[in-house]
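A note on names: the letters A, B, ... follow the listed sequences, proteins ahead of strands, and every chain is numbered from 1.
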Protein chains: 2
Amino acid sequence: MTATATREETGHEAPSARQQAVLDAVLALLVEEGDQLTMDAVARRASCSKETLYKWFGDRDGLLTATVRWQASRVHAGRDAGGPLDAETLRERLLDFAVSWLDVIAGRTSVVLNRIAIAHAGSRKGNLGAIVLANGRLAIGARVKPVLEAGRAAGLLAFDDGETAFRTFFGLVGRDIQIRLLLGDALELDAAEIRRDAARAVDQFLALYGRARP
Amino acid sequence: MTATATREETGHEAPSARQQAVLDAVLALLVEEGDQLTMDAVARRASCSKETLYKWFGDRDGLLTATVRWQASRVHAGRDAGGPLDAETLRERLLDFAVSWLDVIAGRTSVVLNRIAIAHAGSRKGNLGAIVLANGRLAIGARVKPVLEAGRAAGLLAFDDGETAFRTFFGLVGRDIQIRLLLGDALELDAAEIRRDAARAVDQFLALYGRARP
DNA sequence: CCAGTACCGTACCGTACGGTACGCGGCTTC
DNA sequence: GAAGCCGCGTACCGTACGGTACGGTACTGG
């Protein structure tokens, strides 16, 4: 009930250490080689047999799905510290989100995984697309919206619909960055530039939705 | 020098009527069948032989490239009417851009083509990605920026860098729409909603960059 | 009326890759 | 230390699909 339990019915359980190593190999391969990822290459890179791959992950799609989930599981480093909200902490929290979001989407791994998921969404079985969406856009939304609501409750922000406000924030932060990276634009973003972009986005968002202390 | 001239050295010339029909078949197939587009299917759909396909377009990538270019060539319906700029016409021009941009990216064809290009960008030969980028994000930028500059010249807008201002505009208009559609989110946008979204984006942009009449 | 050309339809080839089968070494368990 | 698994390595199979070859038909130019 130890090892075999990981490959249960739904295939949703946390992967074993060895399986994680395999998934990391997939990620590495994806990042290095682009998307023409073959099962052979994975087996070779991870020093395991294709048979094991199929036993653990079912088929190629299963392996991809597990990889996306695995990567998603390590991104969820969010600080959702609660507490009283003044203008300064609100700005800080938003800046935090903006920076970490830009960090994610500018990363090679994210780009490659999004490419895979998008290609996948184009041909039946929307699973991958849905998973990436749930762990990307939707997850960040779910974490930012409460902050916005808190900001409104504290009289620091003014908006009717939290979803709309968040989508504006999303647009101000991401702008054309993700689509350009997905389409292969070079567009190097270093930490400093990310910080500057994030700060600008937060300023603009507060200019649009902020309320002068009443 | 008539028919053969279309298949010249670079392969850049406008396609003949028959070739256009083939490219339309590719688009239709792409939209209907997702991305597992085979040369056989194209030949069958367009009632032409595979040999002709290869003769005209070189290989599969050539066909895809020609298709992307063909689609791009029909999107360039931009109104670049010059003339004096007052606040109202500025807002109108921006609204125009926003609406037509949303129309494009929300269309099935654009989604499918972007998917293809993104997948392509993931595996060598960034051509397709570069082409889509050039005809999408870059083209709209090239058309909007002069309007922004004109707005600044007329004292209606205030910004240091036109590129940055445009990217903000881009983000306010597109928000999360494109990535969601690419990843397979349903997200139906009718004309009314597009108009509303575009108007909100323009209002927000003017709130950020507009200058009260001096 | 006879080339020559363009192009359709179909049959064909080669290969890459997803998926399966099998033999063998190294564990755990009794 | 024998029995039984797990999982590695490798060889193998089937097929889908990119690309080519070839025969047949229509149109054009001389």
Nearest whole Å is fine: how far is [N] [atom2] from [X] [atom1]?
{"X": "A:Lys50", "N": "D:dC8", "atom1": "NZ", "atom2": "P", "value": "14 Å"}
{"X": "A:Asp40", "N": "D:dA11", "atom1": "CG", "atom2": "P", "value": "11 Å"}
{"X": "B:Gln36", "N": "D:dT15", "atom1": "CD", "atom2": "P", "value": "19 Å"}
{"X": "A:Glu51", "N": "C:dG18", "atom1": "CD", "atom2": "P", "value": "16 Å"}
{"X": "B:Met39", "N": "D:dT20", "atom1": "CE", "atom2": "P", "value": "10 Å"}
{"X": "A:Lys55", "N": "D:dC8", "atom1": "NZ", "atom2": "P", "value": "10 Å"}
{"X": "A:Phe57", "N": "D:dG7", "atom1": "CZ", "atom2": "P", "value": "11 Å"}

[X] side chain N/O closer than 4.0 Å to the phosphate oxygens (OP1, OP2) of [N]?
{"X": "A:Trp56", "N": "D:dG7", "value": "yes"}
{"X": "B:Thr52", "N": "C:dC8", "value": "yes"}
{"X": "B:Thr38", "N": "D:dC17", "value": "no"}
{"X": "A:Arg18", "N": "C:dC27", "value": "no"}
{"X": "B:Arg44", "N": "D:dC17", "value": "no"}

* salt bridge (Lys or Arg N to Asp or Glu O under 4.0 Å) between A:Asp40 and A:Arg45, intermediate numbers included -> CA-CA 9 Å; A:Asp40 254 315; A:Arg45 174 66 164 252; over 6 Å; no
* **Sidechain N-carboxylate O distance under 4.0 Å for A:Glu163, A:Arg137** =>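 Yes, charged N to carboxylate O under 4.0 Å.
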* Do the non-hydrogen side-chain atoms of B:Glu149 and B:Leu157 ever get within less than 4.5 Å of each other? ->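 Sidechains of B:Leu157 and B:Glu149: no contact.
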Counting heavy atoms from C-beta on, name the nucleotide in [options] closest to the side chain of [X].
{"X": "A:Cys48", "options": "D:dT20, C:dG18, D:dC8", "value": "D:dC8"}
{"X": "A:Ser49", "options": "D:dC8, D:dG18, C:dC8", "value": "D:dC8"}
{"X": "B:Arg60", "options": "D:dG18, C:dG18, D:dG9", "value": "D:dG18"}

* **First of A:Asp59 and B:Leu53 reached from the 5' end of DNA chain C, by closest nucleotide** =>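 The residue whose closest nucleotide sits nearer the 5' end is B:Leu53.
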* If the plane angle is over 60° it's perpendicular, under 30° parallel, otherwise tilted; pick one for B:Tyr209 and B:Phe159. =>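 Ring orientation of B:Tyr209 relative to B:Phe159: perpendicular.
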* Asked: What is the ring orientation for B:Trp101 with B:Phe170, classed by angle as parallel under 30°, tilted 30 to 60°, or perpendicular over 60°?
  ->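 Answer is tilted, since the angle falls between 30° and 60°.
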* Looking at every strand, decide which applies to A:Leu37 at a 4.0 Å heavy-atom threshold: base, sugar-phosphate, or nothing. =>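 Since only primed, P, OP1 and OP2 atoms lie under 4.0 Å of A:Leu37, the category is sugar-phosphate.
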